[in-house]
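Structure, as structure tokens:
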Amino acid sequence: MSQVLEYSEKVMDHFTNPRNVGEIEDAAGVGTVGNAKCGDIMRMYLDIEDNVVKDAKFKTFGCGAAVATSSMATELVIGKTVEEALKVTNKAVMEALDGLPPVKVHCSLLAEEAIHAALWDYAEKNGIKIEGLKPPVTDIEETEEFYEMEK
Ligand code: FES
């Protein structure tokens with residue numbers, strides 16, 4: 001029999017009542033990442049003005065943990081500078097959600113990579129370089145972090 005996963009109250013809250021769902025028209029940056037293994041896809045839209053993330057929205061075709069991590073990720077990046085938003089890691093998203101079951105940790109990586117992909121798009125469109133930002137991946141399995149998780 002399959003095991004029922006335990007989720008924190010915050011995960012359940014962000015899953016059942018996700019914040020910032022939708023899209024931003026003419027967004028400053030848009031990033032889409034997926035995970036070929038589970039088939040989940042996340043798209044992140046960022047509205048950036050004067051180097052500050054003014055708004056963030058997302059669309060996630062995925063599991064409940066992916067929806068909750070996308071929702072929390074948007075909350076964490078809004079109001080941050082581009083450099084600060086880059087430092088919003090999957091661990092920070094997970095901590096803000098009071099944790100995730102081990103088999104769902106990769107869902108939070110989708111959120112981190114979606115932010116990075118949107119920031120990359122913003123940088124490309126504006127011909128700027130964001131220190132420490134690596135080219136985006138289309139599948140999170142291409143990241144070192146995912147490789148570390150699977151070990
Ligand atoms: Fe893959 Fe959640 S199961 S993102």
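Ligands are counted one by one from 1 in listed order, and the atoms in each one are counted from 1 as well. Just so it is clear, the model here is predicted, and its values are computed rather than measured. In what follows, residues are counted from 1 in the order of the sequence shown.
- Protein contacts to atom 1 (Fe) of ligand 1 involving N, O or S atoms at a distance below 2.8 Å are Cys38 SG, His106 NE2.
- More than 12 heavy atoms of other residues, nucleotides or ligands sit less than 6.0 Å from atom CG of Asn17.
- Put simply, the side chain of Tyr7 reaches to within 4.5 Å of the side chain of Lys104, judged on heavy atoms.
- Within a 6.0 Å radius of NZ in Lys125, more than 12 heavy atoms belonging to other residues, nucleotides or ligands are found.
- Between the side chain of Asp40 and the backbone N or O of Cys63 there is at least one donor-acceptor pair closer than 3.5 Å.
- A donor and an acceptor atom, one from each side chain of Asn20 and Thr74, are located under 3.5 Å apart.
- Enclosure of atom NZ in Lys54 by more than 12 non-hydrogen atoms of other residues, nucleotides or ligands within 6.0 angstrom is indicated.
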